[in-house]
Asks: 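I have a structure I would like to understand better, so I am pasting it below and will then ask my questions one at a time.
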Number of protein chains: 2
Amino acid sequence: MTAPRKRNTWQREAVRTALADDDGFVSAQRLHATLRESGSPIGLATVYRALADLAVEGEADSLQSLDGESLYRACTPGQHHHHLICRNCGLTVEIEADAVERWAQSVAIEHGFTQPNHVVDVFGLCAECSVTNWPEPRPPV
Amino acid sequence: MTAPRKRNTWQREAVRTALADDDGFVSAQRLHATLRESGSPIGLATVYRALADLAVEGEADSLQSLDGESLYRACTPGQHHHHLICRNCGLTVEIEADAVERWAQSVAIEHGFTQPNHVVDVFGLCAECSVTNWPEPRPPV
DNA sequence: TATACTATTGATAACGAATCTCATTACCTC
DNA sequence: GAGGTAATGAGATTCGTTATCAATAGTATA
């Protein structure tokens with residue numbers, strides 16, 4: 001039982017492209033809606049599957065939004081990094097932080113933990129959203 | 001319209017106690033099951049409400065598990081801290097990290113972001129679980 | 001190029017966490 | 001006590017996500 005080989009379908013490519021076209025983190029639902037609006041007949045389940053695949057292949061980062069839905073974003077592969085995310089518009093900046101990596105590692109070891117992992121993300125309002133300061137959130141991330 | 005006064009019910013107290021009795025992060029569902037098993041007739045919706053209240057009052061910390069459910073834990077109130085969490089048994093250690101606080105703040109400002117917030121948690125296997133090294137995860141956190 | 005094999009797709013059903021509804025209960029003040 | 005009203009809880013509802021399964025379409029081979 002060898003691993004089944006992956007096939008190249010226009011659906012996967014469409015998801016990859018749509019994801020790359022977006023600045024910030026998007027939900028599977030929103031990405032599906034965007035694709036449909038642009039004329040693609042792609043199915044919702046397929047979008048979920050494609051995003052999950054991209055995530056395990058390291059082509060996309062994923063995180064849990066505050067209300068529990070999974071958000072995805074195209075990311076520079078093969079490089080560990082964190083995110084600075086705008087709460088309002090979803091604009092995302094990739095950040096590196098060797099110091100934080102080392103800190104996480106050492107604090108785990110210090111307490112006898114092994115195989116450390118970490119979740120480090122910074123949320124805020126980006127420069128533009130800070131100025132505009134909407135009375136209520138606009139494009140929900 | 002002044003703020004409605006909170007009432008003390010045995011239900012809220014039961015949730016507070018059950019939460020304090022647990023070492024790590026627990027879901028509302030699990031906490032409800034535990035309470036029912038110990039003979040309490042408390043309702044599920046009430047557990048959800050009580051946990052949400054404890055979280056806003058600062059008596060409990062909450063985080064999103066990897067599969068998107070909210071987990072809660074009794075915590076030392078009024079003090080900002082992060083967590084070192086065992087992926088296997090849920091054992092949690094509170095950790096402080098002024099350096100990380102400062103880093104998050106400065107990286108946000110550096111990129112023009114305001115009102116920074118951050119999510120910083122370290123996951124791993126605690127000393128005990130590292131030794132035992134179960135073939136498959138045991139008490140799901 | 002034609003054919004067979006099978007991974008992938010997608011409409012829909014199923015699932016599960018969380019919230020809402022609303023009649024009933026019980027906490028608190030007077 | 002008695003009245004006002006927040007809190008409760010069983011069940012319905014919402015909503016994101018996953019499972020089902022017949023139909024479709026990549027891919028390899030002849």
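Because the structure is a prediction, the values reported are computed rather than measured. Throughout, protein chains are lettered first and strands after them, A, B, ... in sequence-line order, and every chain is numbered starting at 1.
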Asks: For a 4.0 angstrom threshold against heavy atoms of chain B, report the outermost contacting nucleotides of DNA chain C in 5' to 3' order.
Replies: dA17(C) to dC28(C)
Asks: Round to a whole Å and report the spacing from CG of L51(B) to P of dA7(D).
Replies: 15 Å
Asks: Taking side chain as C-beta onward, heavy atoms only, is R87(B) less than 4.5 Å from Q115(A)?
Replies: yes
Asks: Quick one: salt bridge (charged side-chain N to carboxylate O under 4.0 Å, His left out) partners of E94(B), sequence neighbours excluded?
Replies: R73(B)
Asks: Not counting sequence neighbours, which residues clear salt bridge (charged side-chain N to carboxylate O under 4.0 Å, His left out) with E13(A)? List them please.
Replies: R16(A)
Asks: Hydrophobic side-chain clustering at under 4.5 Å (ILVMFWY, transitive links): who's grouped with L44(A)? Put none if nobody.
Replies: Y48(A)
Asks: Could you pull out the closest heavy-atom pair between S40(A) and W10(A), with the gap in Å?
Replies: OG-CZ3, 3.5 Å
Asks: Please work out which of the three classes, parallel, tilted or perpendicular, describes the rings of H83(A) and F25(A), given edges at 30° and 60°.
Replies: perpendicular
Asks: Report for the helix from dT1(C)-dA30(D) to dC30(C)-dG1(D): angle between first-end and last-end helix axes, five pairs each, rounded to 10 degrees.
Replies: 40°
Asks: With a 3.5 Å cut-off and no angle check, do the side chains of E96(A) and Q79(A) form a donor-acceptor pair?
Replies: yes
Asks: Look at the aromatic rings of H118(B) and H82(B) and report parallel, tilted or perpendicular, splitting at 30° and 60°.
Replies: tilted
Asks: Which residue lies toward the 5' end of DNA chain D, R36(B) or K6(B), if each is placed at its nearest nucleotide?
Replies: K6(B)
Asks: Please examine the side chains of H32(B) and R36(B), heavy atoms only from C-beta on, and report whether any two atoms are closer than 4.5 Å.
Replies: yes
Asks: What string of B, S and - do you get for nucleotides 14-26 of chain D 5' to 3' if you count protein non-hydrogen atoms under 4.0 Å?
Replies: --SBBBB----BB
Asks: Does the pair K6(B)/E57(B) count as a salt bridge with the N-to-O cut at 4.0 Å?
Replies: yes
